[in-house]
Structure formats: C-alpha cells, structure tokens
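Lettering follows sequence order; numbering is per chain, from 1.
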Amino acid sequence: DAKTTQPPSMDCAEGRAANLPCNHSTISGNEYVYWYRQIHSQGPQYIIHGLKNNETNEMASLIITEDRKSSTLILPHATLRDTAVYYCIVRVVGGSSYKLIFGSGTRLLVRP
Amino acid sequence: NAGVTQTPKFQVLKTGQSMTLQCAQDMNHEYMSWYRQDPGMGLRLIHYSVGAGITDQGEVPNGYNVSRSTTEDFPLRLLSAAPSQTSVYFCASVAVGLNTEAFFGQGTRLTVV
C-alpha cells in the first residue's frame with residue numbers, strides 16, 4: 001500500500017472550513033484514498049473515501065487531484081466536536097487485501 | 001446491532017502473565033484485524049484474518065497469537081506479557097467487497113507492569 005504524508009497539526013476557527021491535505025505521490029491506479037478520524041482515544045471512525053472523482057457525504061468532501069498524487073479532506077463548517085486526529089490512508093479495494101496502514105495523521109484543533 | 005465489541009476495556013497485567021483480548025462483531029464481516037496504538041502514534045497492524053480458519057501477520061506480530069474459529073470472533077492472545085506491550089488495542093472488521101469501510105471497536109487499554 002502507498003504511503004501518505006500529512007501535516008502533523010492544523011487548527012481552524014469554529015464555523016469555518018477545515019481543509020486537511022494529504023500527499024500520496026506513489027499511489028497506484030487501483031488504490032483508493034480513505035479518510036478516518038480518531039476522537040480522543042476512541043476507535044477510528046470512517047469519514048469518506050474515493051478513487052479519482054471528488055466525493056461528498058454528510059460529514060465531509062474529498063477532493064482528489066487529477067494526477068491522484070494528493071487529496072484534501074474538507075469539513076465545510078467545523079465544530080468543536082471535529083477536534084480529532086485525521087488519518088489519510090490509501091489501499092487496494094477488493095481481492096484479499098483489506099489492510100489499513102495508518103500513518104501519524106493530522107491533529108486538527110477547532111478553536112471556539 | 002452492536003457493531004464491534006471489545007472486552008475488557010481496561011486491564012493491568014504483571015510481566016509474564018498471559019491473557020486474551022476479546023473481539024466480536026455481529027455484522028457477518030469476513031475480514032477482521034487487530035491494531036495497537038502507542039501514545040502519540042498511529043495504529044499499527046498486529047494480525048488479521050480474511051475469514052474463519054485463516055489468519056496472517058501484520059506489521060508487529062511478535063508476542064501475539066490469534067485464531068479465527070468463527071466469523072464473529074477474533075481473540076488476541078498475549079502469551080507472556082511484557083511492558084513493551086503496554087498500549088491501546090483496537091479490533092476492526094470489514095465486509096469483503098468493493099467500497100467497504102472498516103468498523104472499529106472502542107479499544108482495550110492494557111498496562112503491563
């Protein structure tokens with residue numbers, strides 16, 4: 001699975017958009033980009049994933065560059081409850097490999 | 001539908017003791033895995049299983065054993081606990097197929113003294 005690079009920490013003001021970048025320059029054509037977050041020391045929580053098209057759900061939007069070497073997770077209106085560590089993961093979907101390889105993630109602090 | 005359930009939530013062991021961390025899921029997921037998370041670090045894969053009777057090693061398997069006799073359960077065994085195994089342990093399960101997300105348990109906080 002490809003490795004990812006994320007900034008160790010970021011902050012944003014409550015109510016503003018939080019844009020979390022991720023570099024995955026060695027991503028393969030059959031690898032998806034997944035985002036999870038971990039609030040305090042709870043189990044990681046799935047946010048969103050995509051292959052090459054931009055994706056949106058009730059939690060966030062995922063923007064993947066055309067060359068797929070980087071992506072951005074967007075929380076459109078961050079709240080204090082979005083303070084967490086955010087993990088960007090790339091992995092092959094299908095076959096027998098469902099391993100998630102976590103990096104260090106980005107610690108997002110949402111300020112009041 | 002409880003999702004992924006881990007027991008116990010907290011455990012203190014003495015060096016050399018053995019114990020089993022339990023993980024159960026009620027979603028009929030084929031794939032299950034165990035991770036450990038040390039302070040300030042990301043999760044590291046210990047062992048995983050793609051179905052009953054099939055297990056394989058992850059990044060940090062030493063000191064841990066697993067078995068998968070049923071689809072629902074995936075216990076993690078520490079045969080002789082060491083202080084280096086002090087960590088938070090997470091179990092996860094995934095449905096095999098395209099576009100699937102992993103579901104995580106709430107973790108077991110283990111301290112080995």
Looking only at atom types and distance, does a side-chain atom of A/Y36 sit under 3.5 Å from a main-chain N or O of B/A102, one as donor and one as acceptor? yes

With the 4.5 Å side-chain cut-off for hydrophobic clustering, are B/V60 and B/L78 part of the same group? yes

So if you build clusters from Ile, Leu, Val, Met, Phe, Trp, Tyr with side-chain heavy-atom gaps below 4.5 Å, do A/I74 and A/Y32 land together? no

Honestly curious: do A/I47 and A/I64 fall in one hydrophobic cluster under the side-chain, below-4.5 Å linking rule? yes

Selection from A/G105, A/S104, A/G103, A/P44 maximising heavy-atom pairs under 4.5 Å formed with chain B: A/P44

Atom group of B/Q6 that falls short of 4.5 Å from chain A, counting heavy atoms: neither

So which part of A/Q45 gets closer than 4.5 Å to some heavy atom of chain B, the side chain, the backbone, both or neither? neither

Between atom CG of A/L100 and atom CG of B/L45, what is the distance when rounded to the nearest 0.5 Å? 8.5 Å

For B/R44, which atoms come within 4.5 Å of any heavy atom of chain A: side chain, backbone, both, or neither? neither

Interchain contact, B/E59 with chain A, by part (heavy-atom threshold 4.5 Å): side chain

Can you tell me if A/Y87 uses its side chain to pair, donor with acceptor, with the backbone of B/L43 under 3.5 Å? no

If you compare all heavy atoms of A/G43 against all heavy atoms of B/Q106, which two are closest, and at what distance to 0.1 Å? N-OE1, 3.9 Å

So, for B/E101 and A/Y34, which heavy atoms are closest and what is the spacing to 0.1 Å? CA-CE2, 4.5 Å

Tell me whether B/L79 is reachable from B/V113 by hopping between hydrophobic residues (I, L, V, M, F, W, Y) whose side-chain heavy atoms are closer than 4.5 Å. no

How about CZ on B/R77, more than 12 heavy atoms from neighbouring residues, nucleotides or ligands closer than 6.0 Å, or not? yes

Is there a continuous path of hydrophobic side-chain contacts, each under 4.5 Å between heavy atoms, that joins B/L76 to B/F103? no

